Visitor: 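Mind looking over this structure? Questions follow.
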Amino acid sequence: MIAGHRGALALAPENTLSGIQKAIESNAKWIEIDTQLSADGVPVIFHDESVQRTTNGKGNVSDLTIHELGKLDAGSWFSEEFSGEKIPTLEEVLIFCLDNDININLELKIHHPYQAVSLVEKVSEVITSVNFPIQKLILSSFSLLAMQHCFHLIPTIRRGFITEQNPLPLIEDLTSINLYSIHIEYKILTQSLAQTLIKSGYQLIIWTLNDPLQAKKFKDWGVELIISDRPDAFIDI
């Protein structure tokens with residue numbers, strides 16, 4: 001019931017193939033990663049709007065071509081061990097996860113509302129071209145617009161709404177797009193809220209829990225998946 005957050009954020013550079021490999025070595029069956037579009041419309045695996053924090057480059061992902069992104073070092077900021085690590089494309093990651101039998105919680109990273117439609121369309125194209133099994137995939141987002149577009153364009157792929165607030169005020173909007181799961185910050189989840197959401201038909205996924213001692217409590221509350229920076233800490237859970 002553990003998903004490595006951005007691969008395995010505490011163990012390797014986030015959103016990289018090395019990070020996913022660390023999650024695999026930690027016995028995680030799931031990873032959580034982020035995707036957004038390059039300037040020329042290629043889905044890449046990256047979290048921030050800007051490349052500055054986790055690469056040796058500058059500028060926004062959406063302003064850089066896939067060729068320009070491919071020249072960046074996305075590993076040295078973490079440690080010299082990962083010097084030369086590249087920003088992977090969604091296609092590369094889907095193939096890597098297929099080869100290693102890993103499930104993916106793919107967050108559609110929407111920094112501006114106008115990005116939602118084009119990102120969903122491009123992600124759909126890549127999933128189809130790779131023939132990635134839909135039973136091993138959840139598409140998630142903080143963006144209701146993105147989830148709505150997923151519902152209309154690729155309704156067979158499970159959808160999850162991410163929130164750091166109580167989602168009950170949005171329950172009518174959520175119900176209208178037939179969501180599979182609610183992905184909620186663990187700090188705001190109560191047993192009562194968990195029961196209400198489960199009774200409403202949603203699977204519960206929490207983020208980002210790094211304390212394995214709390215895992216049993218959330219499991220007892222009905223949580224299906226725990227997203228963690230330290231999947232290795234949960235090996236015995």
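Positions are given from 1, in the same order as the sequence printed here. This one's a predicted model, so the numbers in the text were calculated from it and none came from an experiment.
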Visitor: Measure the OG1-CG distance between Thr208 and Leu9 for me, rounded to the nearest 0.5 Å.
Guide: 8.0 Å

Visitor: Quick check: does any side chain N or O of Asp211 sit under 3.5 Å from a backbone N or O of Leu213, one acting as donor and the other as acceptor?
Guide: yes

Visitor: Does any part of the side chain of Glu14, heavy atoms only, come nearer than 4.5 Å to the side chain of Trp77, both counted from C-beta?
Guide: yes

Visitor: Give a yes or no on whether the backbone of Arg6 and the side-chain of Glu107 come within a donor-acceptor separation of less than 3.5 Å.
Guide: no

Visitor: Between CG of Leu11 and CZ of Phe78, what distance do you get to the nearest 0.5 Å?
Guide: 6.5 Å

Visitor: Please check if the side chain of Ser140 supplies one atom and the backbone of Ile162 the other of a donor-acceptor pair under 3.5 Å.
Guide: no

Visitor: Testing Ile31, Asn100, Asp101 one by one against Ile24 for a side-chain contact (heavy atoms from CB on, under 4.5 Å), which residue passes?
Guide: Asn100

Visitor: Which residue, Val123, Ile104, Leu106, forms the side-chain contact (heavy atoms from CB on, under 4.5 Å) with Leu94?
Guide: Ile104

Visitor: I'd like to know if Leu90 and Ile154 are part of one continuous hydrophobic network [Ile/Leu/Val/Met/Phe/Trp/Tyr, side-chain heavy atoms within less than 4.5 Å].
Guide: yes

Visitor: Can you find a heavy atom in the side chain of Cys150 that is under 4.5 Å from one in the side chain of Ile157?
Guide: no

Visitor: Assess whether side-chain hydrogen bond (donor to acceptor under 3.5 Å, both in side chains) is satisfied between Asp40 and Ser38, documenting all intermediate values.
Guide: CA-CA 5 Å; Asp40 43 350; Ser38 66; 2.6 Å; yes

Visitor: Given the rule that I, L, V, M, F, W and Y join up when any side-chain heavy atoms are under 4.5 Å apart, are Val44 and Val51 in one cluster?
Guide: yes

Visitor: One pair to check against side-chain contact (heavy atoms from CB on, under 4.5 Å): Thr163 and Leu170. What are the steps and the verdict?
Guide: CA-CA 10 Å; Thr163 183; Leu170 294 173; 5.8 Å; no

Visitor: For the residue pair Leu168 and Leu197, establish whether any side-chain heavy-atom pair is separated by less than 4.5 Å.
Guide: yes

Visitor: Compare all side-chain heavy atoms of Ile184 with those of Pro167 and state whether any distance is below 4.5 angstrom.
Guide: yes

Visitor: Looking only at atom types and distance, does a side-chain atom of Asp73 sit under 3.5 Å from a main-chain N or O of Thr55, one as donor and one as acceptor?
Guide: no

Visitor: Grouping I, L, V, M, F, W and Y whenever their side-chain heavy atoms are under 4.5 Å apart, do Met147 and Phe142 come out in a common cluster?
Guide: no

Visitor: Which word best sums up how the rings of Tyr114 and His112 line up, parallel for under 30°, tilted for 30 to 60°, or perpendicular for over 60°?
Guide: parallel

Visitor: So how far is it from Arg158 CZ to Ile134 CD1, rounded to the nearest 0.5 Å?
Guide: 8.5 Å

Visitor: Just do the side-chain contact (heavy atoms from CB on, under 4.5 Å) check on Val223 and Tyr186 with the steps written out, would you?
Guide: CA-CA 10 Å; Val223 168; Tyr186 82 92; over 6 Å; no

Visitor: Does Trp221 reach the main-chain N or O of Gln191 with its side chain, forming a donor-acceptor pair under 3.5 Å?
Guide: no

Visitor: Tell me, do Ile188 and Asn166 make a side-chain contact under 4.5 Å, heavy atoms counted?
Guide: no

Visitor: Where the side chain of Asp34 meets the backbone of Asn15, is there a donor-acceptor pair that is under 3.5 Å apart?
Guide: no

Visitor: Report yes or no: do Ile177 and Val120 belong to one cluster of Ile/Leu/Val/Met/Phe/Trp/Tyr joined by side chain heavy-atom distances under 4.5 Å?
Guide: yes

Visitor: Heavy atoms, side chains only, cut-off 4.5 Å: are Asn105 and Ser181 in contact?
Guide: no

Visitor: Could you walk me through whether Phe161 and His183 satisfy the side-chain contact (heavy atoms from CB on, under 4.5 Å) test, starting with their C-alpha distance in whole Å, then the side-chain angles of each, then the deciding distance to 0.1 Å, before giving a yes or no?
Guide: CA-CA 6 Å; Phe161 179 66; His183 304 214; over 6 Å; no

Visitor: For Ser62, is there any backbone N or O sitting under 3.5 Å from a side-chain donor or acceptor partner on Asn60?
Guide: no

Visitor: Got more than 12 heavy atoms from elsewhere within 6.0 Å of NZ, Lys58?
Guide: no

Visitor: For the backbone of Ser228 and the side chain of Arg230, can you confirm whether one donor and one acceptor N or O come within less than 3.5 Å of each other?
Guide: no

Visitor: Can you find a pair of side-chain heavy atoms, one from Thr175 and one from Tyr202, that are under 4.5 Å apart?
Guide: yes

Visitor: Flag yes if Leu119 and Phe132 sit in one hydrophobic cluster, no otherwise; membership is Ile, Leu, Val, Met, Phe, Trp, Tyr, and two members link when side-chain heavy atoms are under 4.5 Å apart.
Guide: yes

Visitor: Measuring only between side-chain heavy atoms, which start at C-beta, is Phe151 closer than 4.5 Å to Arg159?
Guide: yes

Visitor: Tell me if a side-chain donor or acceptor on Ser26 pairs with a main-chain N or O of Lys22 at a distance below 3.5 Å.
Guide: yes

Visitor: Is a donor on one side and an acceptor on the other found under 3.5 Å between the side chain of Thr35 and the backbone of Ile45?
Guide: no

Visitor: How far apart are the C-alpha atoms of Met1 and Phe234, what are their side-chain angles, what is the distance that settles it, and do they pass the side-chain contact (heavy atoms from CB on, under 4.5 Å) test?
Guide: CA-CA 9 Å; Met1 60 182 295; Phe234 292 80; over 6 Å; no

Visitor: Asp229 and Asn210: side-chain hydrogen bond (donor to acceptor under 3.5 Å, both in side chains), yes or no, with the steps?
Guide: CA-CA 6 Å; Asp229 298 331; Asn210 296 321; 3.1 Å; yes

Visitor: Kindly give the heavy-atom pair with the smallest separation between Ile110 and Ser143, and that separation in Å.
Guide: CG1-CB, 3.7 Å

